[in-house]
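Below, each value reflects all heavy atoms present in this structure, side chains not excepted, and no hydrogens, waters or symmetry copies. By convention in this document, chain letters (A, B, ...) are assigned in the order of the sequence lines, proteins followed by strands, and residues within each chain are numbered from 1.
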Protein chains: 2
Amino acid sequence: MAKELKELTSREENYSQWYNDLVLKAGLAEYSAVRGSMVIKPYGYAIWEKMQRALDDMFKETGHVNAYFPLFIPKSFFSREAKHVEGFAKECAVVTHYRLMNDGQGGVTVDPDAKLEEELVVRPTSETIIWNTYKGWIQSYRDLPILCNQWANVVRWEMRTRLFLRTAEFLWQEGHTAHETRQEAEEETLRMVNVYRDFAEGWMGVPVVVGHKSESERFAGAEDTLTIEALMQDGKALQSGTSHFLGQNFAKAFDVQFANREGKLQYVWATSWGVSTRLMGALIMAHSDNNGLVLPPKLAPIQVVLVPIYKGAEEHATVCGRLHEIADSLKQKGISVKVDDRDNVRSGFKFAEYELKGVPVRLALGPRDMASGTIELARRDTLSKEVVPQEGLADRIEALMDEIQRNIFAKALSFRESMTTVVDDYGEFKRLLDEKGGFLLAHWDGTPETEEAIKTETKATIRCIPLDAPYEEGKCIYTGKPSNRRVIFARSY
Amino acid sequence: MAKELKELTSREENYSQWYNDLVLKAGLAEYSAVRGSMVIKPYGYAIWEKMQRALDDMFKETGHVNAYFPLFIPKSFFSREAKHVEGFAKECAVVTHYRLMNDGQGGVTVDPDAKLEEELVVRPTSETIIWNTYKGWIQSYRDLPILCNQWANVVRWEMRTRLFLRTAEFLWQEGHTAHETRQEAEEETLRMVNVYRDFAEGWMGVPVVVGHKSESERFAGAEDTLTIEALMQDGKALQSGTSHFLGQNFAKAFDVQFANREGKLQYVWATSWGVSTRLMGALIMAHSDNNGLVLPPKLAPIQVVLVPIYKGAEEHATVCGRLHEIADSLKQKGISVKVDDRDNVRSGFKFAEYELKGVPVRLALGPRDMASGTIELARRDTLSKEVVPQEGLADRIEALMDEIQRNIFAKALSFRESMTTVVDDYGEFKRLLDEKGGFLLAHWDGTPETEEAIKTETKATIRCIPLDAPYEEGKCIYTGKPSNRRVIFARSY
């Protein structure tokens, strides 16, 4: 482990390599034999499970239920919504056959007789198949709203992939709701982006800006896309979750009408919203350091690790005995613990291993502590150590979990604030992008042409038009045309 | 709802149609636009979620962790294990292209330039991709055991499909474990089939027989398959879960060796085990009646429904007020409740609706009950009703949940016992299959030829060789050759 740790590239040297090393060495995920597809390893999956559980509870608290829709979508469904097909057709995995056969040389080949009449697309997102289903569920306003979510895998054939951030297959949830009125659907769109904000900030410890996407960054088929945008430690933005107001686009594409309260037929209003395993990338990049992961306690599979310091089998037994007692007192507080009583691994190796894995608190107990009734407590977030009394330890650690959770968020927030710059000069804008990065608050004339020109020249995009952006008269940083609020520009993942 | 209920075909009239009606009308699932793929509707999915949670807890209690492996498997991986490819090649969905393009007529077509070099198979099961991954995880005995499970969707291109029982895509869990020794892997195989038995009997209320599959019914690539076999109300068997001892077959196919405790390289021993949404079919067919679903309390999304009986808005408000108080007292016991306070639906309709949905207990409260401090309590499993005091109601219902859970199991067990027949004459064997069905305990000479002949003549297969089958000398029911234990024959789903 110490050897492996040494191989963790430093953030300063090569951020991208550091990230990749960290994902691999902390045992979170790895590439598979299938191009662009990843294996999510048990430790990474345990974090994802905690994310899922928390989000699922939040969805249910806001009145949503889960369901499951087919993986395969008939090819023709995609053409029904013009912008949707434009946005997704270029990255679809397509099933054309339903059988293999012996190739006569010990291998297998696709059976040419088993060709599908209509090819099936592996879902890149499920609006089309779901709205085709909702058609059968909705006749009258009494059938509304429909508030469904599904946890599923999706496939988008990305050319350049990166573990968690961009993979051909990924795991996500997608909410799909149907409403009587535009207002109700717009409220739902906002409600869910706020759920994502609460989750990112309250659970992941990642501060986010909530805002509208510009027209060119909108979801293919949406009338409005709300987003949560996070800032990574290298000064690049990461879109971490989106909530779309779909208007009546999919209802029209799949002819989903309902009899309203006046008995008249009208098209249904829709939203969709999703977060994915990409959140794992946000979590890793927002907090981790050169020693490895830093996990907020609420998402840490192991919150406290207990390590014995000892010489010889007898001392090992005595110290571990006490550690198990302490572990039990922590479990009673609902804290997830691990006693690492392996006697064939040096404690220094263990320390490095749990730092790499981001365990929030480490307790180390030796014979001297046994005598004095103390224990060594190390925090992963601050890398600080102190010797504390064993008495009252469980209460202390329970409080510490909250403190660490808050501190991780506060640190990320303070970083983001230090990396958010108000800028009015295009030269300065370009210099900041190259030398500092971060969020640049600048005026924009509101046209896709300007947005595109800035993107081409600087690789920065409009991350969002913040919901809380105050009215402010100004001039577009690129064209000098009038603007009445600042938007956030950044380079992004 | 009453109208819809009337349309529920009776079990006696047409069991198969009854099942299909029930799945549709109780809102569990429906067919989708994609041949053989189903939509699992919110109420069905809520039951599946409860199954998942219970199973997942049991897997974790037995030391397993979750992970996620790719949906796509390179075609060539399948050829590596000869029996495995033979078993699965004929039912594989194959991805051949990764892009669509405009067809110039408003639609889309597969882009011929985006053909994959090697086709990808949509996983029908994941042994191959997982053992290819394990190769990188296993070097020494210290890396063993690996005890992974994944919750995933899989695709098997079935020609005749049936909701939950046999669909092209289904949801399941698949455990894949790697071990140092044959003995450890065999113990794991047995441990997990026993977990399935405990789940089927303790949660679903479905009694099962645990046994070995005969060679011809084994999983493709396994050395031994253990199964849990349940009996449905129409006298047909349903294989409900399987646990496979894979020997070293996949380790050899993917060259996964480890340095053992003596420092010598040897192949790893493996198991795999799975249950799927097919369990939903077992749950429905084991207990339901002509009024609809009968759910065991442990898996019921709503355990108690409370319905007001009233005339006029004022009475409605008073009665519902009291019902909400009662509901709160039940929630405090951890019971999931629903107060149906809709004032535009007659109580008779509500009663029928919750019977259809299998809610274990219904409470109805009217003004007379308000005066007398009583309430009407109806049990779904027995369809019995009684008027009970409101005082002590929460305790009574808490106890009733256990009683109903036990009663549902006892009823299914008693049915299975009445449908299990010891038979020694082939004529009688055939007569029983045609006239009664059920499990037939008969002697078999142990050859695949005899098994095949019986299957061809009677459509009955060997469901399993029960683990607890006592030694008993006898003669094969078909050939008269010697046999030393009875096996279970039945027609099956």
Task: Part of B:Phe77 lying under 4.5 Å from any heavy atom of chain A - done: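 The answer is the side chain of B:Phe77.
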
Open item on the list: Taking side chain as everything from C-beta outward and backbone as N, CA, C, O, which of these in B:Leu71 sits under 4.5 Å from a heavy atom of chain A? Side chain, backbone, both or neither.
Closed with: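 Both parts, backbone and side chain.
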
Open item on the list: Let's test your reading of the structure: which of A:Val110, A:Ile73, A:Ile130 forms the most heavy-atom pairs below 4.5 Å with chain B?
Closed with: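 So the answer, after comparing A:Val110, A:Ile73, A:Ile130, is A:Val110.
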
Task: chain B contacts, top residue of A:Pro74, A:Pro70, A:Ala152, A:Gly107 (heavy-atom pairs, under 4.5 Å) - done: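 Top count of heavy-atom pairs under 4.5 Å with chain B: A:Pro70.
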
Open item on the list: Need one label for A:Leu171: side chain, backbone, both or neither, based on atoms under 4.5 Å from any heavy atom in chain B.
Closed with: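 Only the side chain of A:Leu171 comes within 4.5 Å of chain B.
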
Task: Contacting moiety of A:Val85, where chain B heavy atoms sit under 4.5 Å - done: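 Just the side chain, heavy atoms under 4.5 Å.
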
TODO: Using side-chain contact (heavy atoms from CB on, under 4.5 Å) as the criterion, list what pairs up with B:Ala29, not counting sequence neighbours.
DONE: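 Checked B:Ala29 against side-chain contact (heavy atoms from CB on, under 4.5 Å); matches are B:Val23, B:Met38, B:Leu163, B:Phe164.
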
Open item on the list: Tell me every residue that passes side-chain contact (heavy atoms from CB on, under 4.5 Å) with A:Ala54, counting only those two or more places apart in sequence or in another chain.
Closed with: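 In terms of side-chain contact (heavy atoms from CB on, under 4.5 Å), with neighbours along the sequence ignored, A:Ala54 is linked to A:Phe199, A:Trp203.
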
Task: Residue pair B:Leu120 / A:Val34, side-chain heavy-atom distance below 4.5 Å - done: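 Answer yes - side chains close enough.
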
Open item on the list: Any non-hydrogen side-chain atom of B:Phe72 less than 4.5 Å from a side-chain atom of A:Val122?
Closed with: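 Counting from C-beta outward, B:Phe72 and A:Val122 do come under 4.5 Å.
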
- [ ] Check the pair A:Val121 / B:Leu100 against side-chain contact (heavy atoms from CB on, under 4.5 Å), numbers first and verdict last.
- [x] CA-CA 9 Å; A:Val121 171; B:Leu100 298 173; 3.8 Å; yes

Task: Shortest non-hydrogen contact from B:Ala93 toward A:Val95 - done: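 So the two residues come closest at CB-CG1, 3.9 Å.
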
Between chain B and chain A, are any donor-acceptor pairs under 3.5 Å, and how far apart is each one to 0.1 Å?
unit_1   : atom_1 : unit_2   : atom_2 : d
B:Glu30  : OE1    : A:Trp137 : NE1    : 3.1
B:Glu30  : OE2    : A:Trp137 : NE1    : 3.0
B:Ile40  : N      : A:Tyr68  : O      : 2.8
B:Ile40  : O      : A:Tyr68  : N      : 3.0
B:Glu49  : OE1    : A:Lys60  : NZ     : 3.4
B:Glu49  : OE2    : A:Lys60  : NZ     : 2.9
B:Glu49  : OE2    : A:Asn66  : ND2    : 2.7
B:Lys60  : NZ     : A:Glu49  : OE1    : 3.4
B:Lys60  : NZ     : A:Glu49  : OE2    : 2.9
B:Asn66  : ND2    : A:Glu49  : OE2    : 2.7
B:Tyr68  : N      : A:Ile40  : O      : 3.0
B:Tyr68  : O      : A:Ile40  : N      : 2.8
B:Tyr68  : OH     : A:Asn153 : ND2    : 3.2
B:Tyr68  : OH     : A:Glu169 : OE2    : 2.4
B:Leu71  : N      : A:Glu169 : OE1    : 2.8
B:Lys75  : NZ     : A:Val108 : O      : 3.4
B:Ala89  : O      : A:Leu100 : N      : 2.9
B:Cys92  : O      : A:Arg99  : N      : 3.1
B:Val94  : N      : A:His97  : O      : 2.9
B:Val94  : O      : A:Thr96  : N      : 3.1
B:Thr96  : N      : A:Val94  : O      : 3.1
B:Thr96  : OG1    : A:Thr96  : OG1    : 2.6
B:His97  : O      : A:Val94  : N      : 2.9
B:Arg99  : N      : A:Cys92  : O      : 3.1
B:Leu100 : N      : A:Ala89  : O      : 2.9
B:Val108 : O      : A:Lys75  : NZ     : 3.4
B:Trp137 : NE1    : A:Glu30  : OE1    : 3.1
B:Trp137 : NE1    : A:Glu30  : OE2    : 3.0
B:Asn153 : OD1    : A:Asn153 : ND2    : 3.0
B:Asn153 : ND2    : A:Tyr68  : OH     : 3.2
B:Asn153 : ND2    : A:Asn153 : OD1    : 3.0
B:Glu169 : OE1    : A:Leu71  : N      : 2.8
B:Glu169 : OE2    : A:Tyr68  : OH     : 2.4

